[in-house]
Amino acid sequence: MIEETTQDEFDRLLDDFIAKQLSETEDSLSEIKEIKENEKPQPSSNYPQDEDANALFNEEKQLYNAYHNFKCAITDMAQASSLELPPFEFSAKLLYPRFRPSRINELNNDICNGWKIMLTAQPVRLSSLPNNASDEQILNFAEKTTDATLQNALISYVEVLIELDSCEIAYHLRKAKAEKRKIEKQIYEEHLQRKEKMQKFIEAIKAKNFPIDAERLVNNFFKSVRKDPEGAQKILETNPATYAPIQVEKIPPRFFGMIKPKPEDGIRINKEIGKFLKNLKA
């Protein structure tokens, strides 16, 4: 059985896929615009002793900045209250070269340890903060507190959450783009394979010197397959002249040229071509 393949079909499949991708990311156009292919991070010297931090992309750099501010605020708070400073394990290296959700365990641990310091150092002030407070509630609380260190810790904590969301969005968009390229490549490779197979069928038909336009036969068959694969295959095997007429004038005369081809010969040739195509393998 000959499979469907045309440039039109390839273009249609590709257009359908791209349209679907665009509709799914329509609400994230700003993120898509920021994450350009082959984008390189701008040189930075914000962290003289940390080459990884200076080499981060924008999304990751913003997250690391927020984490760094939170870490500094927690450090100041622990020192002011004579509390043992917990180990901070998260680093810019875990964000390099790009953010991955699987690499944030250390960040979560550092945030939890930071909150333990805050609750130990400022139990009275934080007692008025609602349980499971939203980002907005935390920011409103931070604006009203008179302790600058606590305020910095709370604001930077919310910034970490915001930048973490941004990194996750960017990650999933990069992943979607990679999947898109992968599928496009697969579609194109399949198209080339089917196109090569189609050419083999055309050459096989021509090799038999059948009085029929092989290209027209195969191309029209593929167009018909798009609407009705089983019906198109049945017609191909029983009446291929439906896709390209038998060229009666090209049927060789019989008996040393004495008997000219007749319409009946076209019917016979039509059946021969159908039988040939039914058994044709590529």
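Both backbone and side-chain heavy atoms feed into the values below; hydrogens, waters and symmetry mates do not. Just so you know, these numbers come straight off a predicted model, no measurement behind them.
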Minimum-distance pair of heavy atoms, taken over all atoms of [X] and [Y]:
| X | Y | result |
| --- | --- | --- |
| Ile117 | Leu83 | O-CD1, 4.0 Å |
| Tyr96 | Ala55 | CE1-CB, 3.8 Å |
| Asn69 | Glu159 | ND2-OE1, 4.3 Å |
| Thr75 | Leu85 | CA-CD1, 3.7 Å |

Could you tell me if the ring centre of Phe276 sits under 6.0 Å from that of Phe210?
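Yes; Phe210 has its ring centre under 6.0 Å from that of Phe276.
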Would you list the atom pairs, donor with acceptor, under 3.5 Å between side chains in residues 139-146 and any protein atom, with sequence neighbours excluded?
unit_1 : atom_1 : unit_2 : atom_2 : d
Asn140 : ND2    : Glu136 : O      : 3.2
Thr145 : OG1    : Asp147 : N      : 3.4
Thr146 : OG1    : Arg125 : NH2    : 3.3

If we count only N and O atoms by modelled type, under 3.5 Å, do the side chains of Asn152 and Thr149 hold a donor and an acceptor together?
no
With a 3.5 Å cut-off and no angle check, do the side chains of Glu190 and Gln186 form a donor-acceptor pair?
no
Check whether more than 12 heavy atoms from other residues, nucleotides or ligands sit under 6.0 Å from atom [atom1] of [X], and answer yes or no.
| X | atom1 | result |
| --- | --- | --- |
| Phe88 | CZ | yes |
| Arg100 | CZ | no |
| Glu84 | CD | no |

Pi-cation contact, Tyr171 with Arg98 (under 6.0 Å, within 45°):
no
Side-chain ion pair, Glu272 and Arg268, N-O less than 4.0 Å:
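Salt bridge present between Glu272 and Arg268.
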Indicate yes or no: does Lys275 engage Glu237 in a salt bridge with an N to O separation below 4.0 Å.
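No salt bridge links Lys275 with Glu237.
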Pairs where residues 224-244 contributes a residue and the test ring-ring contact (aromatic ring centres under 6.0 Å, His included) is met, not counting sequence neighbours:
Phe221-Tyr243
Less than 3.5 Å apart, which donor and acceptor atoms pair up between the side chains of residues 106-113 and the rest of the protein, not counting sequence neighbours?
unit_1 : atom_1 : unit_2 : atom_2 : d
Asn108 : ND2    : Ile104 : O      : 3.4
Asn109 : ND2    : Asn105 : O      : 3.3
Asp110 : OD1    : Glu89  : N      : 3.2
Asp110 : OD2    : Tyr67  : OH     : 2.6
Asp110 : OD2    : Glu89  : N      : 3.0
Asp110 : OD2    : Phe90  : N      : 2.8
Asn113 : ND2    : Asn109 : O      : 3.3

